[in-house]
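First comes the structure, then the notes that go with it.
Predicted, not measured: the structure shown is a model, and the values here were computed from it. Hydrogens, waters and symmetry mates play no part in the numbers below; they use all other heavy atoms, side chains included.
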Amino acid sequence: MTDSHRLPPAPAGEKQAPPTRAFVTRILAAAFVFSAAINLLQLSLPLYSLQVFSRAIPSNNIDTLIMLSVVVVIALSMTALLEVVRTRLFTRAANALEVAWRPRLSAEVLDSTARGRPDAQALNDLMEVRGAITRPATAAVLDLPWTPLYVIGIYLIHPLLAGLLLAGMALITGFGWLGHAVIRRLMDDSKQPSSRAQRLFDAVQARAGTVRALRMAPAALDGVVRDSMTAAALAGQSAERSAAVGSVTKWVRMVLQIAVTGVGAWLVMEQHLSFGGMIATSMLVGRAMAAVEQTAGSWGPLAKSADAARRLIPLLTRLDREPVRDAVPVTPGRLTLENVLFVSPRDQKPILRSVSMSIEPGSMACVLGPNRAGKSVLARLLAGVQAPSAGTVRLNGLALTALTPDDPKAGIGYLPQTPDLLPGTIAENIARFQDVPMAEIRAAAERAGVHDMIESLPMGYETNTEDPLTPLSASFAKLVALARAGFGTPALVVMDDPVSGLDENGVAAVRKFAAALKEQGATVIALCHQPAFLDMADKTFVIQNGMAMEAQPRPHDGQQTATAAGAAAWGRRAAAVPAAVS
């Protein structure tokens, strides 16, 4: 992996995404204009009915009827066209928002996860806002400001009908809020058991062999079923209450339509209203209620989207103001740690304390220590995965986390303690999912001593890492991850417990790999609890209780082999020698 998950800088001349607030303002302004035109044109149909029954029919004027019909058809055609354009506007705006910000926010999520503070809220908010833009409820919300126009139109026809409309709108809005309130808590309560059941089932499925061998399936699946049934029961209660509120809302709307029709007919009988006015009122009521009913029925999703937008827009605005970071190449140089402190984000306890060391370019350093001494945390700091809580980690005088090479192949190689291969082929994993010639992939595999093992597989380099018919052993996967760490020409390679779980041939392959990288000019750091690299190391450090000590220089007779006894002796001598500080 390279030293950072952050996005590379935009190529020269590439147009940057517009500022978020300006982008949102332009989209809302355009949508508001289209909504205004659509709602004004929608008045053509009730006006047509009013004119036909009030003028054309009483006067028996065919020409007037034809002209009115032509005009209303043109108006309705323009309405349909504008609705299509508005829908396309929403769709393209949603796509543009995702294209502009999904890579950046995905990188932020990866960074936060690598720092031990996983938080995908920003990315979830982006997808929520993107989905909200394309929902029909958004168009209904933009139609709401024009609802008073229909109320005024009905009021001009007769105030009593306008009063009925306002009463019905108030009832439907109230029932919409009530429906959201009665199901919100149930839906929230159902998420936890549903998520727990899904995680447990996925784990059982992924470890089906172990589960079957230990005869754990019945008990584990009982837990899955129990949580699933709990979630289903809560979701069922939510659906029942939502259906009840929805039925009442529908009943109110139908009663309102009947009331408007009945009162309109009574007003016609009393000669306070024309027949055309009654028909026009019915159309206006239907149009006015459409936006209100659709918005009230989507109260829950709208509230969720509004909360996501309130969190997201300030974040995107802040990111807009951050300057684009230029590429800083990773070149061989002195690696220094100065008074590094790392505090666990979970319990706020120090894992590393006052760690200082200096490693020259092109050399190899070995860091020894028992389990839970802080080696893996130190490896992540040395690879630039995480930043220290205090102190500095620098390569060539530059903060390691700030290095963003243009070419990941010339960045930093990192072998984690667990070979976390990604879903895909072996070739894709070694190449870090870059489009590169196959010769470069083979070269990396040969350097890690895994080429022949890969070729012996039925699919060779095209073997999928998650293929259940060709499962990769832990040692095989570690050597593939080792080839991935050494892919290209890395300036720095950090290996966390590289020989754990390997046989003699595997250990020899790792040693040969480290020697080849060192000869290539890369700085190699091996962190382990086994003395497998003592005879190769230019510097050796012992880490214990979160503090690092430099051991005495190794003998240069070229014959001494690192042994466990020798490592213990070095550890005792290192107890009184502080690590070098650059």
Could you tell me whether [X] atom [atom1] has more than 12 heavy atoms of other residues or ligands within 6.0 Å of it?
X: Glu455; atom1: CD; answer: yes
X: Arg92; atom1: CZ; answer: no
X: Phe201; atom1: CZ; answer: no

Could you check whether any side-chain heavy atom of [X] comes within less than 4.5 Å of a side-chain heavy atom of [Y], counting everything from C-beta outward?
X: Cys528; Y: Pro498; value: yes
X: Val480; Y: Pro419; value: no
X: Ile525; Y: Leu335; value: yes
X: Ser305; Y: Val129; value: no
X: Arg86; Y: Ser35; value: yes
X: Leu316; Y: Leu105; value: yes

Practice item. Let me see the working for Tyr414 and Leu492 under side-chain contact (heavy atoms from CB on, under 4.5 Å), right down to the final yes or no. Key: CA-CA 8 Å; Tyr414 174 55; Leu492 171 66; over 6 Å; no
Nearest 0.5 angstrom please: [X] [atom1] to [Y] [atom2], how far?
X: Leu315; Y: Asp125; atom1: CG; atom2: CG; result: 8.5 Å
X: Ile27; Y: Phe90; atom1: CD1; atom2: CZ; result: 9.0 Å
X: Ile172; Y: Phe175; atom1: CD1; atom2: CZ; result: 9.5 Å
X: Thr147; Y: Asn39; atom1: OG1; atom2: CG; result: 7.5 Å
X: Phe513; Y: Leu482; atom1: CZ; atom2: CG; result: 4.0 Å
X: Leu337; Y: Ser354; atom1: CG; atom2: OG; result: 12.0 Å

Is the side chain of [X] donor-acceptor paired with the backbone N or O of [Y] at a distance under 3.5 Å, no angle test?
X: Thr463; Y: Gly460; value: yes
X: Arg102; Y: Leu123; value: no
X: Lys375; Y: Pro370; value: yes
X: Thr465; Y: Gly424; value: yes
X: Ser456; Y: Met453; value: yes
X: Ser475; Y: Gly501; value: no
X: Gln434; Y: Ala431; value: yes
X: Asn339; Y: Gly391; value: no
X: Arg432; Y: Ile430; value: no

Looking at every non-hydrogen atom in both residues, tell me the closest pair between [X] and [Y] and how far apart they are.
X: Ala30; Y: Leu89; answer: CB-CD2, 3.9 Å
X: Pro388; Y: Val340; answer: CB-CG1, 3.8 Å
X: Asp143; Y: Ala291; answer: CB-CB, 4.0 Å
X: Ala296; Y: Thr173; answer: CB-CA, 4.2 Å
X: Val355; Y: Ala548; answer: CG1-CB, 3.9 Å
X: Gly223; Y: Leu200; answer: C-CD2, 4.2 Å

Exercise for review: Would you check, one step at a time, whether the test side-chain contact (heavy atoms from CB on, under 4.5 Å) holds for Glu462 with Leu457?
Suggested key: CA-CA 9 Å; Glu462 295 303 311; Leu457 297 174; over 6 Å; no
Exercise for review: Would you please test Thr134 and Arg130 for side-chain hydrogen bond (donor to acceptor under 3.5 Å, both in side chains) and show each step?
Suggested key: CA-CA 7 Å; Thr134 57; Arg130 186 212 182 283; 4.6 Å; no
Check your understanding: Given Asp420 and Arg484, is the salt bridge (Lys or Arg N to Asp or Glu O under 4.0 Å) satisfied, shown in steps?
Key -> CA-CA 11 Å; Asp420 49 357; Arg484 179 183 61 184; 3.2 Å; yes
Practice item. Just do the salt bridge (Lys or Arg N to Asp or Glu O under 4.0 Å) check on Arg310 and Glu128 with the steps written out, would you? Key: CA-CA 12 Å; Arg310 278 195 293 270; Glu128 175 62 32; over 6 Å; no
Check your understanding: Under the side-chain contact (heavy atoms from CB on, under 4.5 Å) criterion, do Tyr461 and Thr425 qualify, and how do the steps go?
Key -> CA-CA 7 Å; Tyr461 282 88; Thr425 65; over 6 Å; no
Check your understanding: So, Asp496 and Arg380, do they make that salt bridge, N to O below 4.0 Å?
Key -> no
Point to revise | Side-chain ion pair, Lys478 and Asp497, N-O less than 4.0 Å | key: no
Point to revise | Distance-only donor-acceptor check, side chains Arg226 and Thr230, under 3.5 Å | key: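 Absent: no donor and acceptor within the cut-off.
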